[in-house]
Amino acid sequence: MLGRGATIKLLRYSTQAHKAALIDGTDALEERLRSNELLKNLKCKYQDNQFQVVEDGDEGSQHLNCDKSLPMTVFPKQEIFDKVMRDNKVSQWRKPLTQWFRLGVHMMKYYKDGLRDTYRVAKDTRNLVEKCELDPKTPLVTQLCKLIEFNEIATRQKKDATALPLTRKQSVMYHRRAQVWKLPTFFILALIFEEFTAVVCYVFPKLAPHNCLTPGAYQKVCRTHTNDVTSWNPIKYQSPYTISKSSLFHILRRTPVAHISKWKLKIYDTMNIRKNPSETLMRIHQYLFIDDWFLLKDIMDDNPTLLSRKELVNCIFERQLFSADEDLNKMVNEEEGRRLLIWRLFAYWSFRFDGTVTVGGGQLFVEKWGVNNVAILNYSGLVGNKQLDKKIYQSWRSNL
Amino acid sequence: MRYRSIYCFARRYTSTRSQVLRPSFNEIFPQKRMVNRILFELDSRLSFGKLYPLFELAYNNVDSEDIPVTSGITASDVMVMKKVLEKVRSRTKSVNRHLLKLENVLLDKAAEMGNNDAVSLLAFNVLKNPSKNTSDDVLHAKLLIKDLYKRKHHLTMKLTGDLALKAGDNSQAETYYRRFLELESDTFLAGEVYGQLGQFSFHKTDLIPAERYFLKSIQYSPLEYSVHSYFYLAQIYMNSDPLKARTLMENCATQGYKESFKALGFLEMNYFENLYKAQEWFKLGMELFELECFIGYFDCCALLGEWALANKCFKSLEKIAENNSHYKSLVKQFVEARHDKVKRALAYSPGPFPKREVVQNASKKAPQISKENKWNL
C-alpha cells in the first residue's frame, strides 16, 4: 500500500543554532544584549522587579515553588544561639547547654518535617497522571514534552493553545516523589544509630531524603555533581544514542536530576546495554526542558514571577551551573551571590531559548536544536573560563 | 483421496460450458485455515463446512439470474460470505476476477434477501458513479439511502460520510462520521472512522484530538486497515518519543507504506545511529524510487566507508535524474552539497574489479609464490 496524500513532518536531526549564540567575551555580551531578544527581555523583567527571588517562607508564586520538597538554605545555628543569648529566662550558666539543646531539638523537628513532607509529596502526586488524564504507561516528562510541542505549534499558528494539564509545582513534585524510596533506609538507620543519625547523614548525605539536607551536607552533594564536561561541542547535534558511550555514562554518573545506582551503570557498561541509559539521558534532557519552559512561560507573562531561594538554588544545582568550590546556599543568601546565580540562569536560558516560540520567536525548540539534542544538556551558554565568565558578569552587572 | 480426485475430474467434465471456461472453485478458493480465521473474526454463525457448499453452488450458478440458496440461510449469512471474499482480497492483496464476480453476486443476493448493509452498499455504488447508471437507478438509490438514513442505519451514516469526503466536503463528512460514532463506537468500522476523524484533526493541527482518534483507530482496526493512523501517530511522537515512533513506523513498513521507509531510514541513521539497519530501510525505499532514500543510502555508505556501494547508488541517482526533470535540480544540489563524498565515491568501482587491463597487468606483475614458501615455514 502506498501512502497517498500523507503530509510528512520535517524531521530535525541537526541544529539550526549558530555559534554566535555563545557569549564568549564582554564584547559578545554587548552584542548579545543587542541581538538576543530573550536576554534583553529577561534583563528588563529583572530591572522592573517582574522576576524576583523571594526569601524562604515568603509568599512566592504558588504554582511555581515547592519549597517543602527542598532543603534549607541557611543553617539556623546562629539564629538559635542568638535567640538563646537574648532570652532572659535562661540563666547565663545554662545558656551554652541550652543553645546546643535547642539546636538539637530544631534539627530533630527539621528531620521530622522533612520526612513527613517527603511522604506527603509522594502521596499528593500518586494519582497525578490519572487526574491529568495522561497515559500512565508513558513517562510524564515525555508526555509533557509532546504537549508543549503541541502548545507551541498552536501558538505559532496563532490558535488557542491548550494549557498544560499541570503546573510547574506539580511537575517538580512528581519528579521529586522518588525521594520517598529513601524513607525505609532512613528509618532503619534511625533505628540503629538513634541520636547519631544526624552525624551519619552528614558523613553520607545521600542517605537522607533531599529535603532533610543541611547546607553543609548539600554542599557535599553538590561537589559530586559538578559539570566537568569540557570537550563538548554544543553546536554539533548529538542524540542520546549517538553520544559516545564514555560521555553517556559520565553524564549519568554526574547528573543531579536522576539517580542511577553505580552497580546498574556498571552492568549496562559491562553488558554493553545502550537503550536504558540512553532513554534515561533523554528523560533528563526532557525534564530540564520542561522545567525551563514552565519558568520562562511564567516570566514572560505579565504577572510578576516570585521564585523562592530554595528553588533558585535547585535550578542552578540541576542545571549544573556551578563549580565545586562554590557554596550555593551561601551565595543565594547574599545579594551579590544571588545576582550571579540569576545571571547564570539568564545566560543559560538565552543561549537555549532565544528565537523559540516559547519566548515569542518563530522556531520550535526542536527545530532550533534538533530532536533531543543532548549536546546542549546543562551547557551554560558561557565560555567556561572562570576569569572570562567573571568579566562578562561584571559587564552584565554594570549594565543593570 | 483417490476417489475425491476422480470425483472432481468427473465433475469438471460433466459441468456446463460456462463452467468449463472458468477454473474450478476448489482451485481458486483460499485455504480452509484462512477462511476459518476470517469466519472467526466475523463472528460467523455458520462454519466452513456449512458455507463451502454454498460458496460452490453460488460460484457454479454465478451466470444465472438467480443463485439458489438452501433453506436456513439468512441474508446476514450471505453477507458474511461476501465479507469473507472481501477480506481474502484485502489480505492477499490480489484480485481474482471470478471471486470478485462472486462477491458482487452475493452482495446482490443479500440485498434481495433484505440485508440493509447490502442495500446501502449497492445504493452507494450507484451514487459513486452516477454517470455509469441510469437516472432511474440513481433516483431509486437516493430514495433507499434516504429511507435508511431516517432509520439511522449505521453503515449508511458512514458511507454518506465517505461520499461527502470524496466530494471534498470535509466538514459534512466529519458530521456524518460523528453521527456514525454515536450509533457504533467500538467496532472495526468505527476504527476506520476514528482514523478519518484523526486525519481531519491532524490537518487542522488540532493535535491532541488527532492523537486521541488515531489511538482509538489502531485499537479497533487491524493494522492493514489503520496503517494511516499508525503513520500519523508516529509523526506525532517523532520529536518527543522517537522509540515509540520507530515501533509505529515499523508497523507501517510491514504493510509496505511508502513514506515509512525514508522516515525509518533517517531515524535509524541520525538518531539511533544504526547505520546497517538504516541502509536496509533505504534499500526498500529505493526499490520504490524514493529520492530521499537514495540520498540517505549514499550518506549511510559514506559513513560506513562502503564507497563502491555509494558509487553504485550515485549512478542510479544520475539515471533517475536523466528521466525526471524535477529530480535533476535536486540531484544537482545533492552533488554540490556532498562534492567531496561524491568525488571519493566515483574513484571506486561498484564491480569487484575496476578494469580488465588493470587486473591483467596486476596478475602479470604479481610475484609467483610457490607452495613451499607460502606460509614462510
Side-chain angles (χ1 to χ4, degrees), chain A residues 1-14 133 135 137-139 141-162 164-165 237-244 274-276 278-279 282-283 286 289-290 364-367 369-373, chain B residues 90 93 199 201-212 215 223-225 227-246 249 252-275 288 290 292 296 299 303:
Chain A
M1 185 199 282
L2 302 181
R4 282 169 285 121
T7 49
I8 308 297
K9 197 158 74 177
L10 203 60
L11 305 173
R12 297 284 182 190
Y13 302 113
S14 61
E133 293 176 0
D135 178 18
K137 286 175 189 166
T138 314
V141 282
T142 308
Q143 293 189 71
L144 285 179
C145 263
K146 181 189 72 193
L147 292 175
I148 288 173
E149 196 191 345
F150 291 174
N151 185 298
E152 292 200 336
I153 290 169
T155 311
R156 187 161 64 177
Q157 293 191 341
K158 296 186 173 66
K159 282 182 168 183
D160 287 336
T162 318
L164 259 62
Y237 171 76
Q238 277 187 324
S239 82
Y241 289 84
T242 56
I243 192 171
S244 70
R274 188 67 203 236
K275 192 186 150 192
N276 289 10
S278 294
E279 285 297 301
M282 186 190 85
R283 280 197 284 278
Q286 288 181 335
F289 164 69
I290 290 161
L364 299 182
F365 189 78
V366 171
E367 285 172 351
W369 294 110
V371 180
N372 297 323
N373 184 0
Chain B
S90 85
K93 291 188 175 60
Q199 284 185 43
S201 300
F202 188 85
H203 292 304
K204 283 191 277 183
T205 36
D206 291 336
L207 296 170
I208 295 175
E211 185 199 5
R212 204 172 50 235
L215 283 171
L223 175 60
E224 61 258 40
Y225 291 101
V227 67
H228 275 85
S229 303
Y230 275 87
F231 179 75
Y232 282 111
L233 212 49
Q235 291 280 308
I236 286 173
Y237 294 139
M238 195 58 85
N239 290 334
S240 57
D241 199 349
L243 207 63
K244 201 185 255 184
R246 181 172 72 172
M249 210 56 108
C252 291
T254 59
Q255 299 301 308
Y257 198 89
K258 195 181 174 187
E259 278 83 7
S260 64
F261 299 123
K262 64 181 167 199
L264 273 168
F266 285 115
L267 194 64
E268 291 288 356
M269 183 170 77
N270 296 316
Y271 190 83
F272 293 105
E273 211 183 26
N274 195 340
L275 297 175
L288 298 168
E290 283 273 296
E292 288 97 329
D299 286 344
L303 284 168

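Per chain, numbering begins at 1; letters A, B, ... match sequence-line order. Atom set for the values below is all heavy atoms of this structure, side chains included, hydrogens, waters and symmetry mates excluded.
Remark: A:E133 does not engage B:R212 in a salt bridge, criterion side-chain N to carboxylate O under 4.0 Å.
If you measure heavy-atom distances from A:L147 to chain B, the contacts under 4.5 Å come from the side chain alone. For chain A, the nearby part of B:E211 is the side chain; its heavy atoms alone come within less than 4.5 Å. Heavy atoms closer than 4.5 Å to chain B are found in the side chain of A:T162, but not in its backbone. Contacts of A:D135 with chain B are made by side-chain atoms alone, with heavy-atom separations under 4.5 Å and no backbone atom involved. The part of A:E279 that comes within reach of chain B is its side chain, from C-beta onward, which places non-hydrogen atoms under 4.5 angstrom from that chain. Contacts between A:T138 and chain B at a heavy-atom distance below 4.5 Å involve the side chain alone, from C-beta outward.
A side-chain N or O of A:N372 and one of B:Y271 form a donor-acceptor pair less than 3.5 Å apart. No hydrogens or angles considered: nothing links the side chains of A:Y237 and A:T242 as a donor-acceptor pair under 3.5 Å.
Counted within 6.0 Å of NZ on A:K275, heavy atoms from surrounding residues, nucleotides or ligands total 12 or fewer; the atom is thus considered open.
Applying the ring-ring contact (aromatic ring centres under 6.0 Å, His included) criterion to A:F150, with sequence neighbours excluded, gives no partner residue.
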